[in-house]
Undergrad: 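A single structure is presented below for examination.
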Amino acid sequence: MDQSQLARDRFIIGRFIDALPEPVVVIGAADRVLAVNPPAQALFPALRQDDLLARGLRAADVLDAIARSRASGRPERTTWLERVPVERFFELSVAPMEGPQIEPTMILTLRDMSEARRVERMRVDFVANASHELRTPLASLLGFVETLQGPAREDKENRIKFLGIMREQAQRMTRLVDDLLSLSRIEQNLHLRPQTPVDMVAILRHMADTLASMARDNDVALKLEAPKSVMVRGDRDELLRVVENLVENAIKYGASEPTSLNRTVEITLVEQERQCVLSVRDFGPGIAPEHLPRLTERFYRVDAGQSRAKGGTGLGLAIVKHIVARHCGRLGIESKPGSGATFSVNLPLLGR
Ligand SMILES: Nc1ncnc2c1ncn2[C@@H]1O[C@H](COP(=O)(O)OP(=O)(O)OP(=O)(O)O)[C@@H](O)[C@H]1O
Ligand SMILES: [Mg+2]
């Protein structure tokens, strides 16, 4: 085969792999790179045509797989995990290209499995967390049932006390299951934007009524500042849930804490150009920066013991985030440890 034929072959191979969406590298004799398509080049910026493959791709497993495939003449598969700058996980396959070419050519293709791996990991964590959260109250319920069947059978006073605790535990499980169900329902409808016009101010008033007794019990003052009416497109129950959760958190983890600078929760709603901004501010202990990005993960709690003691399941902010996303809004969290936290929700105004 003459030089011009070789150049033409390379050109065709190059054009061919350029059209493929997945990263592909074509490797010639002595592990020299014959062609790299743009996705592969983006992945391995140091890969150069005619250079040694090992120069641009420092992954021993991958080089081994190529050597094995070259020796056996059969396709080989392997995986490759890159940790920096972000974790990425690839499935690779390498196969010899049959044909009349003078060079023994190998085709290396990669599939980015990072997203699938992340989702799978989340699923596993989620099942583990949900089971754990259910198991604790369930074990306590069973324990009390056994006590009531045995040692405390005739003990009227303890029976009443234990039944009270059992009721609490059962309510806790019900709340958890309800939260999980609403989370999955909201997730299913994530791409369906709710269309009903609703008044955010009416929702805030309703929330203030519902949470008045909780605020009183915790000796916390709710300060509400809002215009007469602010219309958005949304689902009333879901938006109420957002507001309730944020204010409940501000009471539970902010204003009612002994270290709180003052025992008020400020709830303000303002209209900006095309959106309204709701903010819920407390002056409690606040949240350390390392926790902020993870707060909206399911079951994530800064202090799981404290939250559980206050009846929390750690699903509240995950639900808030999903509802806000479904309403094409944005959730923001700001906090300076020691001086409180501000949770804000931006929502597009009706007709914008
Ligand atoms: N205003 C706040 N100040 C300090 N920490 C907060 C505040 N709001 C939330 N947090 C922290 O974020 C965690 C997650 O809140 P989230 O609402 O998701 O769960 P929860 O309140 O524990 O349970 P749930 O809302 O399901 O009853 C809380 O456990 C708490 O540690
Ligand atoms: Mg909460």
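By convention here, the first residue in the shown sequence is residue 1. In this text, all values refer to a predicted model and were calculated from it rather than measured experimentally. For the numbers below, each heavy atom of this structure counts, side chains included, while hydrogens, waters and symmetry mates do not. Order of appearance sets the numbers: ligands from 1, and atoms from 1 within every ligand.
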Undergrad: Are Lys252 and ligand 1 in contact, using a heavy-atom cut-off of under 4.0 Å?
TA: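 Yes.
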Undergrad: Looking only at distance, does Gly254 have an N or O less than 3.5 Å from an N or O of ligand 1?
TA: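 So ligand 1 has no N or O lying under 3.5 Å from an N or O of Gly254.
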Undergrad: Which residues and atoms, protein N, O or S only, are under 2.8 Å from the Mg ion (ligand 2)?
TA: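 Only Asn245 OD1, Asn249 OD1 fall inside 2.8 Å of the Mg ion (ligand 2).
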Undergrad: Using a strict threshold of under 4.0 Å (side-chain N to carboxylate O), is an ion pair present between Glu115 and Arg118?
TA: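 Answer for the salt bridge query: yes.
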Undergrad: Would Arg111 pass as a cation-pi partner of Phe90, given that its NZ or CZ must be under 6.0 Å from the six-membered ring centre and within 45 degrees of the axis?
TA: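 Here Arg111 fails the 6.0 Å and 45° test against Phe90.
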Undergrad: Answer yes when Arg193 and Asp235 have at least one side-chain N-carboxylate O distance shorter than 4.0 Å, and no when they do not.
TA: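 No.
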Undergrad: Around atom 10 (N) of ligand 1, find the nearest protein heavy atom and jot down its residue, atom name and distance.
TA: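 Among all protein heavy atoms, the one nearest atom 10 (N) of ligand 1 is Tyr253 CD1, 3.8 Å.
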Undergrad: So Gln272 and Gln275, side chain to side chain donor-acceptor pair (under 3.5 Å) or not? Walk me through it.
TA: CA-CA 5 Å; Gln272 287 176 353; Gln275 56 177 3; 3.1 Å; yes
Undergrad: When you look for heavy atoms under 4.0 Å from ligand 1, do you find them on the side chain of Thr296, its backbone, both, or neither?
TA: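 For Thr296, there is no contact with ligand 1 at all, from either part.
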Undergrad: Tell me, which protein residue and heavy-atom name are nearest atom 29 (O) of ligand 1, and how many Å apart are they?
TA: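 For this ligand atom, the closest protein heavy atom is Arg301 CG, 3.3 Å.
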Undergrad: Do Arg241 and Ser182 have side-chain atoms, one donor and one acceptor, less than 3.5 Å apart?
TA: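 Checked: Arg241/Ser182 side chains pair up, N/O donor to acceptor below 3.5 Å.
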Undergrad: Which protein heavy atom lies closest to atom 12 (O) of ligand 1, and at what distance to 0.1 Å?
TA: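 The closest heavy atom on the protein side is Leu295 CD2, 3.4 Å.
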Undergrad: Would you say the side chains of Glu168 and Gln171 form a donor-acceptor pair under 3.5 Å?
TA: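 No - no donor-acceptor pair under 3.5 Å links their side chains.
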Undergrad: Looking only at protein heavy atoms, which one is nearest to atom 24 (P) of ligand 1, and what is the separation?
TA: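 Protein heavy atom with the smallest distance to atom 24 (P) of ligand 1: Thr313 N, 3.5 Å.
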Undergrad: Ignoring hydrogens, what is the shortest heavy-atom contact between Val36 and Gln41? Give both atom names and the distance.
TA: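 The pair with the smallest heavy-atom distance is CG1-N, 3.5 Å.
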Undergrad: Any idea which heavy atoms bring Ile17 and Asn37 closest together, and the distance?
TA: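 Closest heavy-atom pair between Ile17 and Asn37: O-ND2, 3.0 Å.
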Undergrad: Which heavy atom in Leu239 sits nearest to a heavy atom in Gly234, and how many Å separate them?
TA: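 So the two residues come closest at CD1-CA, 4.2 Å.
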Undergrad: Below 4.0 Å from ligand 1: does a non-hydrogen atom of Gly284 turn up there or not?
TA: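 Under 4.0 Å: no for Gly284.
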Undergrad: Decide whether Ser279 and Thr342 meet the rule of one side-chain donor and one side-chain acceptor closer than 3.5 Å.
TA: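 Note: Ser279 and Thr342 side chains miss the donor-acceptor criterion.
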Undergrad: Do any nitrogen or oxygen atoms of Ala318 come within less than 3.5 Å of a nitrogen or oxygen of ligand 1?
TA: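 Looking only at distances, the answer is no, because the N/O contact criterion of under 3.5 Å is not met.
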Undergrad: Given Thr342, Ile287, Asp303, which has its nearest heavy atom closest to atom 4 (C) of ligand 1?
TA: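 Minimum heavy-atom distance to atom 4 (C) of ligand 1 goes to Ile287.
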Undergrad: Closer than 4.0 angstrom, basic N to acidic O: yes or no for Arg326 and Glu187?
TA: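 No.
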Undergrad: Evaluate the side-chain proximity of Ser72 to Pro96: yes if any heavy-atom separation is below 4.5 Å, no if none is.
TA: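 The answer is no, as the side chains (C-beta and beyond) never meet within the 4.5 Å cut-off.
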Undergrad: Quick one: nearest non-hydrogen protein atom to atom 19 (O) of ligand 1, plus distance?
TA: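 Its nearest protein heavy-atom neighbour is Gly314 CA, 3.2 Å.
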Undergrad: Heavy-atom distances under 4.0 Å are what count here, so tell me which part of Val320 touches ligand 1: side chain, backbone, both or neither.
TA: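 Looking at Val320 and ligand 1, no heavy atom falls under 4.0 Å.
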Undergrad: Nearest protein heavy-atom contact for atom 8 (N) of ligand 1: which residue, which atom, what distance?
TA: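 Ranking protein heavy atoms by distance from atom 8 (N) of ligand 1, first comes Asn249 CB, 3.4 Å.
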Undergrad: Which residue supplies the protein heavy atom nearest to atom 27 (O) of ligand 1, what is that atom called, and how far is it?
TA: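 Protein heavy atom with the smallest distance to atom 27 (O) of ligand 1: Gly312 CA, 3.3 Å.
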Undergrad: Can you tell me which residue and heavy atom of the protein come closest to atom 18 (O) of ligand 1, and the distance to 0.1 Å?
TA: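 Its nearest protein heavy-atom neighbour is Leu317 N, 2.7 Å.
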Undergrad: Could you tell me whether Tyr300 approaches ligand 1 through its side chain, its backbone, both or neither, with non-hydrogen atoms closer than 4.0 Å?
TA: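 Backbone only.
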Undergrad: Should the pair Asp51-Arg32 be classified as a salt bridge under the 4.0 Å nitrogen-to-oxygen rule?
TA: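 No, this pair does not count.
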Undergrad: Are any of the side-chain nitrogens in Arg70 or Asp31 under 4.0 Å away from the carboxylate oxygens of its partner?
TA: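 Between Asp31 and Arg70 there is a salt bridge, with a charged N closer than 4.0 Å to a carboxylate O.
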